[in-house]
Student: 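Let me begin by handing over the structure; questions about it come next.
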Amino acid sequence: MTTIRLRNSKTRKVEEFHPIDPENVRMYVCGPTVYDRAHLGNARPVLVFDVLYRLLRHVYGAEHVTYVRNFTDVDDKINAEAQRRKAAGDPRSLEALIAERTEETIAWYHADMDALGALRPGQEPRATAFIGQMIAMIEGLIAKGHAYEKEGHVLFRVRSYQDYGALSGRSVDDMIAGARVEVAPFKEDPMDFVLWKPSSDDLPGWDSPWGLGRPGWHIECSAMSHELLGASFDIHGGGIDLQFPHHENEIAQSACAHPEAGFANYWVHNEMLQVEGKKMSKSLGNFFTVRDLLDQGVPGEVIRFVMLSTHYRKPMDWTEKKRNEAQDELEKWALLTTDVVAAVSPPDEVVAALADDLKTSEAITQLRKLAKQGRMAELLSGIKLLGLSLPEVDEGTRDAFDWLVEGEMHRPLIEDAVRRLVEARNRKNYAEADRIRGAFTLAGVTLSFDKDGSVTFKREQNFDPAKLEALK
RNA sequence: GGCGGGUUGGCGGAGAGGUUACGCAGCGGAUUGCAAAUCCGUGUAGACCGGUUCGAUUCCGGUACCCGCCUCCA
């Protein structure tokens with residue numbers, strides 16, 4: 001059996017992966033807060049852990065891997081959007097507006113991530129469905145002296161957990177010295193964080209031993225992972241930005257609530273995404289969503305290919321150039337594998353690359369070698385393991401019409417032009433042939449001639465059907 | 001201020017203490033009416049300064065610069 005090696009943030013080393021139970025390999029990844037469309041940065045962890053999920057399924061069997069990724073549907077931003085709609089005159093209750101916002105965002109998320117070729121996790125729990133478990137966990141923490149109630153808030157007593165800061169390599173004293181912690185009068189210690197906070201009448205809340213309120217963000221993941229995967233499980237993933245404080249706090253909560261268990265054995269973090277060398281942010285004006293790219297005609301598999309061409313632990317830079325190169329390479333593979341049936345099992349080289357700490361760029365290099373060697377069945381199988389799909393590429397005169405022509409109105413025009421072109425070439429009237437080809441070029445269609453005399457089309461980015469009129 | 005990541009040829013991007021990464025672009029050739037595509041061949045590197053070593057881009061130390069997290073935005 002293939003041995004997977006993963007970089008464990010907990011030990012800062014690449015380690016061999018040995019699941020607690022090979023019959024049920026368990027992975028939890030922090031999912032989105034569902035208040036708006038997922039931006040490109042959100043897609044990176046989705047794709048990184050999708051590759052890991054596919055690898056685990058390959059190695060241990062699809063039915064022996066449990067993948068949980070949550071939806072955070074309790075959040076100020078969701079409330080704010082609902083309140084905005086209410087203020088704009090929507091007569092429905094705030095609760096209904098919140099539910100609507102949550103539902104539509106989840107549907108968007110599914111559609112966008114599906115387009116990137118990401119498999120849906122086996123379970124996608126919503127925080128609001130696990131409030132009872134959160135309350136129970138908080139009660140347990142209070143009983144053990146790890147948490148305390150103050151003014152309707154319940155806070156985690158950070159000083160009560162010896163190993164706090166171990167994951168992110170910080171000491172509590174250093175962090176306080178940094179003087180960037182929130183100072184709240186009800187905290188025993190500046191580092192203590194919220195497990196439960198009071199809610200107002202106009203915002204969602206749940207009854208609890210501490211009054212009407214709602215859970216803190218960190219307790220959601222601790223409660224859901226415990227409920228669905230148990231007190232000890234194998235892999236916990238997420239972006240490096242979540243390492244502190246979110247994951248640190250999860251560990252503190254879970255380790256204190258279930259001191260007999262190990263919580264997550266392997267912590268895997270992906271690096272951040274940049275755009276043209278800069279962090280993606282609204283203020284820099286380089287902020288865009290996955291849907292924006294898809295709407296611009298960037299295929300999901302191209303986004304996926306670009307993402308996988310950089311190792312997950314390195315900052316990934318999204319650029320126009322990479323996107324174009326990825327598209328060219330995928331089209332090339334599509335042509336190479338036309339009518340090819342994928343090999344039953346993926347090539348060892350590709351599996352080995354992924355098993356070595358998810359070296360996706362190395363896996364792509366191996367795919368290129370397979371293409372070079374003409375091992376197309378294996379190439380296709382490797383492409384599938386990476387979760388990539390290939391663009392539809394039609395070649396030849398007849399098939400090309402289907403995607404070249406925007407509406408039947410241009411078909412007679414093009415057929416006639418091609419007929420005249422072929423005739424001109426047969427008569428060796430190259431001036432006329434080049435004139436017709438030039439008109440196609442201006443319309444954004446590249447024509448080329450094969451040895452057997454057939455004509456091949458390629459639609460370019462600047463394709464403009466209106467300019468086909470010039471073919472007359 | 002604290003913690004972490006990075007700096008490789010024109011561009012992107014890997015691995016390995018000594019042997020071609022790879023892709024794109026470039027150059028030369030084959031092929032082509034001319035092209036495109038394809039095929040063959042080929043040049044260019046390791047931020048800077050020291051150290052270890054027979055030998056370092058690869059290990060160690062330092063310097064510079066870039067980026068991220070620590071703060072709602074991933």
Side-chain angles (χ1 to χ4, degrees), chain A residues 7 9 12 30-33 35-36 38-46 72 75-77 80 165 167-182 191 217 238-248 269-274 277-284 287 305-306 308-311 313-329 331-333 335-336 353 356 359-369 371-372 374 395 424-431 433-434 437-438 440-441 445-451 453 455-458 460:
Chain A
R7 207 271 187 172
S9 301
R12 288 156 228 280
C30 293
T33 299
Y35 71 100
D36 206 349
H39 65 235
L40 191 62
N42 292 316
R44 192 168 188 200
V46 172
T72 294
D75 188 86
D76 286 337
K77 290 185 286 289
L167 179 71
S168 53
R170 295 153 203 256
S171 81
V172 176
D173 293 327
D174 285 349
M175 284 186 278
I176 291 172
R180 282 185 159 180
V181 288
E182 184 192 351
M191 286 308 294
W217 174 37
I240 189 75
D241 54 319
L242 298 179
Q243 190 176 36
F244 185 89
H246 184 55
H247 292 163
E248 199 72 71
H269 290 104
N270 63 276
E271 255 294 346
M272 300 289 99
L273 176 117
Q274 301 181 328
K278 296 263 169 57
K279 176 182 173 170
M280 184 164 78
S281 72
K282 285 172 180 165
S283 55
L284 284 171
F287 183 97
F305 187 97
V306 172
L308 300 189
S309 65
T310 298
H311 185 67
R313 282 195 284 113
K314 277 196 161 187
M316 144 91 225
D317 195 17
W318 174 269
T319 63
E320 278 294 301
K321 191 162 183 277
K322 283 188 189 179
R323 154 227 194 292
N324 290 330
E325 287 186 11
Q327 187 143 10
D328 287 346
E329 188 147 27
E331 281 176 10
K332 191 170 146 185
W333 285 351
L335 283 173
L336 287 172
D356 186 9
K359 284 183 178 155
T360 47
S361 57
E362 169 66 16
I364 289 172
T365 296
Q366 293 302 330
L367 292 179
R368 287 171 179 153
K369 282 189 183 165
K372 191 109 181 157
E395 223 185 345
R425 293 193 72 228
N426 289 342
R427 289 199 310 270
K428 297 204 192 303
N429 183 352
Y430 297 120
D434 288 348
R437 183 169 57 174
F440 272 107
T441 304
V445 179
T446 301
L447 292 192
S448 51
F449 310 121
D450 290 337
K451 289 192 186 80
V455 181
T456 303
F457 293 85
K458 184 172 189 293
E460 305 295 345

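The figures that follow rest on heavy atoms only: side chains count, while hydrogens, waters and symmetry mates do not. Below, chains carry the letters A, B, ... as their sequence lines are ordered, and counting in each starts from 1.
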Student: Provide the Watson-Crick or G-U wobble partner of B:U38, both distances under 3.5 Å; none if there is no partner.
Tutor: B:A30
Student: If the P atom of B:A36 is compared with that of B:C69, how far apart are they to the nearest Å?
Tutor: 45 Å
Student: Give me the distance, rounded to whole Å, that separates B:G18 from B:G55 when you measure between the P atoms they each carry.
Tutor: 15 Å
Student: Here's a test of your reading of the structure: between A:Arg7 and A:Met272, which maps to the more 5' nucleotide of RNA chain B?
Tutor: A:Arg7
Student: Find the partner of B:G55: check Watson-Crick (N1-N3 plus N6-O4 or O6-N4) and G-U wobble (N1-O2, O6-N3) distances, both under 3.5 Å, and reply none if neither fits.
Tutor: none
Student: How many Å lie between CZ on A:Phe244 and P on B:G68, as a whole number?
Tutor: 19 Å
Student: What integer distance in Å separates A:Lys359:NZ from B:G13:P?
Tutor: 16 Å
Student: Mind checking if A:Phe305 touches a base, just sugar-phosphate, or nothing, with heavy atoms under 4.0 Å?
Tutor: nothing
Student: Taking only N and O in the side chain of A:Lys314, is any of them less than 4.0 Å away from OP1 or OP2 of B:U7?
Tutor: yes
Student: Write down the distance separating the P atoms in B:U8 and B:C59, rounded off to the nearest Å.
Tutor: 15 Å
Student: Provide the distance between the two P atoms, one in B:G13 and one in B:C70, to the nearest whole Å.
Tutor: 24 Å
Student: To the nearest angstrom, how far is A:Trp318 atom CH2 from B:C11 atom P?
Tutor: 21 Å
Student: Taking the P atom of each, how far is B:G5 from B:G41, in whole Å?
Tutor: 41 Å
Student: Quick one, give me the B/S/- string for nucleotides 22-37 of chain B, reading 5' to 3', where B means a protein heavy atom under 4.0 Å from the base and S means that only happens at the primed atoms, P, OP1 or OP2.
Tutor: BBS------S-BBBB-
Student: Using a 4.5 Å cut-off on heavy atoms from C-beta on, say whether the side chain of A:Glu248 contacts that of A:Gln243.
Tutor: no
Student: Work out how far the P atom of B:C48 is from that of B:C11, and round it to whole angstrom.
Tutor: 15 Å
Student: Distance check, P atoms only: B:G10 and B:C27, in whole angstrom units.
Tutor: 16 Å
Student: Checking A:Arg12 side chain against A:Arg7 main chain: does a donor-acceptor pair fall under 3.5 Å?
Tutor: no
Student: When the distance from CD of A:Glu248 to C1' of B:G4 is rounded to whole Å, what number comes out?
Tutor: 13 Å
Student: Distance check, C1' atoms only: B:U57 and B:G15, in whole angstrom units.
Tutor: 12 Å
Student: Might you point out which heavy atoms bring A:Met272 and A:Arg44 nearest each other, and give the distance in Å?
Tutor: O-NH1, 2.9 Å
Student: Grab the CG-P distance between A:Leu335 and B:C39 for me, whole Å please.
Tutor: 12 Å
Student: For the backbone of A:Ser361 and the side chain of A:Thr365, can you confirm whether one donor and one acceptor N or O come within less than 3.5 Å of each other?
Tutor: yes
Student: Any donor-acceptor pair under 3.5 Å linking the side chain of A:Arg323 with the backbone of A:Trp318?
Tutor: no
Student: Atom CG of A:Asp317 and atom C1' of B:G6: how far apart are they, to the nearest Å?
Tutor: 13 Å
Student: Who does B:U7 pair with, Watson-Crick or G-U, both distances under 3.5 Å?
Tutor: B:A64
Student: Roughly how many Å is it from CG in A:Asn324 to C1' in B:C11, rounded to a whole number?
Tutor: 13 Å
